[in-house]
Amino acid sequence: MPFCLATWNVNSLKVRMPHLLAWLNTRPVDIVCLQETKVTDDSFPVQSLADVGYRAHFAGQKTYNGVAILLREASVGTSTELVCGLPGYDDPQARLIALTVEGLRVVCGYFPNGQAVASEKYAYKLAWIGALTNWLREQVQVHPQLALLGDFNIAPEDRDVHDPAQWAGQILCSDQERAAFRALLALGLVDAFRLFEQAERSFTWWDYREFAFRRKMGLRIDHILLTSALAKRCTACSIEVELRKLERPSDHAPVVAVLEEFTRPAT
DNA sequence: ATGGCATGACAATCATGA
């Protein structure tokens with residue numbers, strides 16, 4: 001049985017629960033990273049997810065942000081080393097959660113949007129990613145099998161943008177953001193999606209406005225980065241575009257990476 | 001040049017997203 005890792009910005013877990021449950025029913029991925037849950041921890045739908053076989057770890061806040069990692073009970077054991085919030089970076093915004101399961105370090109991040117280049121939020125975005133990069137530099141040493149999944153809010157290359165000329169230098173596509181993305185790769189991580197041949201105009205986010213989805217006007221800003229040890233085990237990576245076609249969809253589609261059968265290292 | 005659409009908080013608009 002292959003082992004599947006997924007990431008999905010749900011844009012409100014409360015609103016997207018029916019979609020999430022239906023999706024997990026047809027595609028029972030083993031580990032699911034969620035962003036923009038927009039729920040406080042006391043109202044996280046723990047029971048509804050337990051009912052369909054998933055154990056949840058979460059770090060949320062009111063109205064904005066919020067991240068979670070769901071573990072499929074039938075396929076993974078106990079998790080350890082739970083981290084909520086970016087270590088060493090004092091941040092009231094709930095944007096990071098990490099845990100270790102099956103020898104796998106799973107880091108789920110909701111990167112700041114940045115709003116506009118040169119804005120205060122842009123500076124925060126770059127600082128946040130810088131702090132993440134520094135923390136991961138240590139993490140990849142300790143955990144050779146590490147996966148960074150989430151909404152990066154960065155389109156790494158022009159081929160990840162429906163209209164590169166229109167987006168040139170804009171937020172999500174600026175040189176500094178792309179450099180920050182490459183700095184993450186420089187830690188020894190690889191973009192799982194680009195390990196395989198993919199269709200042109202493959203995106204993970206489409207604006208709700210202007211019929212952007214049907215017009216294929218999107219960006220690829222949700223990613224799964226893998227250490228080389230994991231990349232060797234990765235046999236496929238795809239975007240679950242079908243979920244963007246549903247009624248009341250999230251503006252993001254999930255990304256799924258498939259790993260070949262995991263062999264527990266000898267202890 | 002601006003807003004479009006969606007969500008949540010809050011009770012008519014407003015902040016935020018990307």
Subject >> A:F44 and A:F58 aromatic ring geometry - parallel, tilted or perpendicular at 30°/60° bounds >> reply: parallel

**OP:** Identify the heavy atoms of A:R16 and A:R248 that sit nearest to each other, and give their distance.
**Re:** NH1-O, 2.7 Å

Subject >> Distance in angstrom units between A:D251 CG and B:dA6 C1', rounded >> reply: 8 Å

Subject >> Nearest to side-chain heavy atoms of A:N113, which nucleotide of B:dT7, B:dG17, B:dC5 >> reply: B:dG17

Original post:
In whole angstroms, how far is the C1' atom of B:dA6 from the CG atom of A:L13?
Top reply: 16 Å

**OP:** For nucleotides B:dA6 and B:dT2, find the distance between their P atoms and express it as a whole number of Å.
**Re:** 23 Å

**OP:** Using only side-chain N and O atoms of A:N11, determine if any of them is under 4.0 Å from OP1 or OP2 of B:dA18.
**Re:** no

Subject >> Pair A:R55 + A:E73, salt bridge at N-O below 4.0 Å >> reply: yes

Original post:
Rounded to the Å, how far apart are A:D207 CG and B:dA6 C1'?
Top reply: 10 Å

Original post:
Between B:dC14 and B:dG4, how far is it from one P atom to the other, in whole Å?
Top reply: 12 Å

Subject >> Connected hydrophobic set around A:F211, excluding itself, where side chains approach under 4.5 Å >> reply: none

Subject >> Short side-chain N/O contact to B:dA9 OP1/OP2 from A:K38, under 4.0 Å >> reply: no

**OP:** Nearest whole angstrom, please: distance from the P of B:dC5 to the CZ of A:R214.
**Re:** 12 Å

Original post:
Sequence neighbours excluded, which residues qualify as side chain to side chain contact (heavy atoms under 4.5 Å, CB included) partners of A:Q47?
Top reply: A:A50, A:D51

Subject >> Nucleic acid contacts of residues 172-185 of chain A, taken as heavy-atom distances under 4.0 Å to DNA chain B >> reply: A:L172

**OP:** Figure out the CH2/C1' separation between A:W205 and B:dA6, and round it to whole Å.
**Re:** 12 Å

Original post:
Toward the 5' end of DNA chain B, which comes first, A:P249 or A:R95, by nearest nucleotide?
Top reply: A:P249

Original post:
A:A131: what forms a side chain to side chain contact (heavy atoms under 4.5 Å, CB included) with it, not counting sequence neighbours?
Top reply: A:L86, A:Y89

Original post:
Below 4.0 angstrom from OP1 or OP2 of B:dT7, is there any side-chain N or O of A:R248?
Top reply: yes

**OP:** Classify the nucleic acid contact of A:K125 as base, sugar-phosphate or nothing, counting any heavy atom under 4.0 Å across all strands shown.
**Re:** nothing

Subject >> Interatomic distance where NZ belongs to A:K14 and P belongs to B:dA6 [whole Å] >> reply: 18 Å

**OP:** Give a yes or no on whether a salt bridge exists between A:R159 and A:E200, defined as a side-chain N under 4.0 angstrom from a carboxylate O.
**Re:** no

Original post:
Between B:dG17, B:dA6, B:dA18, which nucleotide gets closest to the side-chain atoms of A:L219?
Top reply: B:dA18

Original post:
Is there a residue in residues 59-67 of chain A whose heavy atoms reach under 4.0 Å of DNA chain B, and which residues are they?
Top reply: A:K62, A:T63, A:Y64

Original post:
Any side-chain donor-acceptor pair under 3.5 Å between A:T100 and A:R105?
Top reply: yes

Original post:
Base, sugar-phosphate, or nothing for A:E36, non-hydrogen atoms under 4.0 angstrom?
Top reply: sugar-phosphate

Subject >> Presence of A:N153 side-chain N/O under 4.0 Å of B:dA18 phosphate oxygens OP1/OP2 >> reply: yes

Original post:
Hey, is CG on A:D163 packed in by over 12 heavy atoms from elsewhere, all under 6.0 Å?
Top reply: yes

Original post:
How long is the line joining CD1 of A:I221 and C1' of B:dG17, in whole Å?
Top reply: 10 Å

Original post:
Hey, does A:L146 have a side-chain heavy atom less than 4.5 Å from the side chain of A:Q139?
Top reply: yes

**OP:** Could you please name the option among B:dG17, B:dG4, B:dA6 that lies closest to any side-chain atom of A:R16?
**Re:** B:dA6

Original post:
Any side-chain N or O of A:H252 under 4.0 Å from OP1/OP2 of B:dG17?
Top reply: no

**OP:** Please measure how far the C1' atom in B:dT13 lies from the corresponding atom in B:dA1, and state the result in whole Å.
**Re:** 23 Å

Original post:
What nucleic acid atoms does A:Y110 come within less than 4.0 Å of, heavy atoms only: base, sugar-phosphate, or nothing?
Top reply: sugar-phosphate

Subject >> Nearest-Å distance for atom pair OH/P, residues A:Y124 and B:dA18 >> reply: 12 Å

**OP:** Please name all residues satisfying side chain to side chain contact (heavy atoms under 4.5 Å, CB included) with A:H162, sequence neighbours left out, ordered by chain then number.
**Re:** A:Q166, A:W167, A:R201, A:F203, A:M217, A:L219

Original post:
How do A:E210 and A:G114 order along DNA chain B: which one's closest nucleotide is nearer the 5' end?
Top reply: A:E210

